[in-house]
Amino acid sequence: MQTNTETHLVVGGAGDLGHRIVAALLSSPQPRHVRVGLRGGLTGKHAVRAQAWVAAGAEVVDANLQDRDSLLRACDGVTAVISAVQGGPETIIDGQMNLLDACRQTGVARLVPSDFAEDLFSVPEGINPYLDVRRQFARHLQSSGVGYTHILNGGFMDVIFASPGLVQADAGTISFWGDGHMPLDFTTLDDVAAYVVAAIDIPETLNTVVEVAGDRRTVHQIANDYEAATGRSLTRICRGSIDEGYATLRRMVAEGAHPMALLPLQYLLPMMSGEGRLRNVASADYPGVRPTSLRSFLTNGLAPAREVV
């Protein structure tokens, strides 16, 4: 474990995952200085939240992914940078490349990129563009000379079960492709944040891929958990084979479907096929994190995550 006080920078701290990582860093018993990078710093559009962080003991600085000078200042004196930014290639590749360059120039020892997903390294190219760009940046990061830690957590419980896709609460159905027996990995946003903090405090996680999961449940187990938690049963609807699911996705893309309409299939199909399954889950390596089970999450209610950009 670390013995000296170090500075940890969170870039994208205003996002739904980012602000949870900041909170987890501030509440951690490990001595550290917490720095939060926001566009505009204390005077930007998140000034109220920024002032609250300062009151809690954090430092808030300007960090604009398109402003290399701001990134150099933000990374100065930092040991580990955690990126929780969201967006398309201009953010995940171009913006994080600027961040990586600032890390390299200022001597940052570790960069945690904005992965936080199923196993993006095993999902074939072209299925999910959001995973494709993360994988592309990962290649740059791993060859950069800057230390890295990739954190994979399956799907966000808060997101998957708060929006239609897997469970259609109003219709009382759960839809799937395949046989429904493939274990799916889920972790709450709060638990992901806790795992991030736990992982960066362990030197052995440097230059590794860390896989964690709050729970692993098949579609059929999810239906049972849902009924036990809510008292409402779900009708299980098989939409077809995995191949038929991918054919449906390709047809939707060809027909120009809205990107948001594609998201459920882009993330869920690789999970249901097993291509995106986490194969080396190491949640037990972090006993200080007590993750929320799916049944507990469903019992305590579904609170939709709201991403702040």
Test of understanding: with side-chain contact (heavy atoms from CB on, under 4.5 Å), list the residues that count as partners of [X], not counting sequence neighbours.
X: Val167; answer: Phe161, Ile174, Tyr226, Leu234
X: Thr91; answer: Leu65, Val85
X: Ala194; answer: Val289
X: Gln168; answer: Ala171, Thr173, Ser175

### Task
Decide side-chain contact (heavy atoms from CB on, under 4.5 Å) for Val78 and Cys103; before the verdict, give the C-alpha distance in whole Å, the side-chain angles of both, and the deciding distance to 0.1 Å.
CA-CA 8 Å; Val78 170; Cys103 289; over 6 Å; no

Interatomic distance, [X] atom [atom1] to [Y] atom [atom2] [nearest 0.5 angstrom]:
X: Leu184; Y: His181; atom1: CG; atom2: NE2; result: 12.0 Å
X: Asp158; Y: Leu189; atom1: CG; atom2: CG; result: 4.0 Å
X: Thr5; Y: Gln30; atom1: OG1; atom2: CD; result: 8.5 Å

### Query
When hydrophobic residues are tied together by side-chain contacts of less than 4.5 Å, even through go-betweens, does Ile202 share a cluster with Val197?
yes

### Task
Determine whether more than 12 heavy atoms belonging to other residues, nucleotides or ligands lie under 6.0 Å from atom CZ of Arg236.
yes

### Message
Do Thr205 and Arg110 pair up side chain to side chain, a donor and an acceptor below 3.5 Å, judged on atom types alone?
### Response
yes

### Query
Which of these, Leu152, Asp185, Val123, sits in a side-chain contact (heavy atoms from CB on, under 4.5 Å) with Glu118?
Val123

### Message
So, applying side-chain contact (heavy atoms from CB on, under 4.5 Å) with Tyr148, which one of Val209, Asn207, Thr208 is it?
### Response
Asn207

### Under the ring pair (Phe, Tyr, Trp, His ring centres under 6.0 Å) test, residues paired with His140 that sit two or more places apart
none

### Query
For Phe176, what residues pass the ring pair (Phe, Tyr, Trp, His ring centres under 6.0 Å) criterion, not counting sequence neighbours?
His220

Donor-acceptor list for residues 246-266 side chains, cut-off 3.5 Å, not counting sequence neighbours:
{"from": "Tyr246", "atom 1": "OH", "to": "Glu275", "atom 2": "OE1", "distance (Å)": "2.5"}
{"from": "Thr248", "atom 1": "OG1", "to": "Glu244", "atom 2": "O", "distance (Å)": "3.0"}
{"from": "His258", "atom 1": "ND1", "to": "Met260", "atom 2": "N", "distance (Å)": "3.0"}

### Query
Phe297 and Asp191: side-chain contact (heavy atoms from CB on, under 4.5 Å), yes or no, with the steps?
CA-CA 12 Å; Phe297 174 79; Asp191 290 340; over 6 Å; no

### Task
Scan for salt bridge (Lys or Arg N to Asp or Glu O under 4.0 Å) pairs involving residues 50-61, sequence neighbours excluded, and state none if there are none.
Arg35-Glu59

### Task
For residues 88-106, pull every pair meeting salt bridge (Lys or Arg N to Asp or Glu O under 4.0 Å), keeping only residues two or more places apart or in separate chains.
Arg68-Asp101, Asp101-Arg104

### Task
Check whether any side-chain N or O of Ser144 sits under 3.5 Å from a backbone N or O of Leu141 as a donor-acceptor pair, and report yes or no.
yes

Under the salt bridge (Lys or Arg N to Asp or Glu O under 4.0 Å) test, which residues partner [X], sequence neighbours left out?
X: Arg134; result: none
X: Asp115; result: none
X: Arg295; result: Asp225

### Working for salt bridge (charged side-chain N to carboxylate O under 4.0 Å, His left out), residues Asp69 and Arg73
CA-CA 6 Å; Asp69 288 339; Arg73 291 190 294 269; 5.1 Å; no

